[in-house]
Amino acid sequence: ENQEPKAVVYTRFQCLQAALLYSVTGIGITLVNKTTLSLYKFPSSPFLAFAQLIVTVLLVGTLKYLNVVQFEDVSMRACRMIWPLPVFFLGNAVTSLGGTKAV
């Protein structure tokens with residue numbers, strides 16, 4: 001039987017925390033990328049993007065294993081639901097890293 005997951009209701013404070021964490025993480029990774037690509041003259045922005053992807057997958061997988069975060073397991077259904085997002089993410093990551101290196 002195909003059961004729909006129950007909707008989770010978050011408080012305004014939880015939403016604010018999530019937005020703040022997302023903002024701080026985004027700014028932090030931009031600063032790390034800029035430092036890595038410019039100050040240390042790292043030659044490959046695609047490799048840096050791939051390394052960040054691997055670290056993210058390992059970190060999120062570990063947090064799920066420890067029950068710190070909850071989300072649906074990888075399945076064809078989940079992949080179909082989010083399909084265009086990985087393509088947009090990859091394009092954004094590669095072009096923004098290239099732009100960060102040039103600035």
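Basis for what follows: all heavy atoms, side chains included, without hydrogens, waters or symmetry-related copies. It should be emphasised that the depicted structure is a prediction, and the values quoted were computed from it without experimental measurement.
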Tell me which one of L31, T35, I29, T30 satisfies side-chain contact (heavy atoms from CB on, under 4.5 Å) with N33.
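With N33 as partner, side-chain contact (heavy atoms from CB on, under 4.5 Å) holds for just one option, I29.
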Identify the two heavy atoms, one from [X] and one from [Y], that lie closest to each other, and give their separation to 0.1 Å.
X   : Y   : value
P86 : W83 : CD-O, 2.9 Å
A78 : D73 : CB-O, 4.2 Å
V9  : Q14 : O-OE1, 4.4 Å

Which residue pairs pass the salt bridge (Lys or Arg N to Asp or Glu O under 4.0 Å) test with at least one member in residues 37-52, sequence neighbours excluded?
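Residue pairs with at least one partner in residues 37-52: there are none.
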Would L48 end up clustered with L53 when hydrophobic side chains under 4.5 Å apart are linked, directly or stepwise?
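Each belongs to a different hydrophobic cluster.
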Hphob cluster co-occupancy, L58 + F50, side-chain heavy atoms under 4.5 angstrom:
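Yes; tracing contacts between hydrophobic side chains, which count when under 4.5 Å, links both residues.
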Who else is in the cluster with F71 when I, L, V, M, F, W and Y are joined by side-chain contacts under 4.5 Å?
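Hydrophobic cluster check, F71: joined to L59, V60, L63, Y65, L66, V68, V69.
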Spacing of K64 atom NZ and E72 atom CD [to the nearest 0.5 Å]
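Taking NZ in K64 and CD in E72, the distance rounds to 8.0 Å.
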For residues 15-28, run the donor-acceptor check on the side chains, cut-off 3.5 Å, and write out each pair with its distance to 0.1 Å, sequence neighbours left out.
unit_1, atom_1, unit_2, atom_2, d
S23, OG, A19, O, 2.9
T25, OG1, L21, O, 2.7

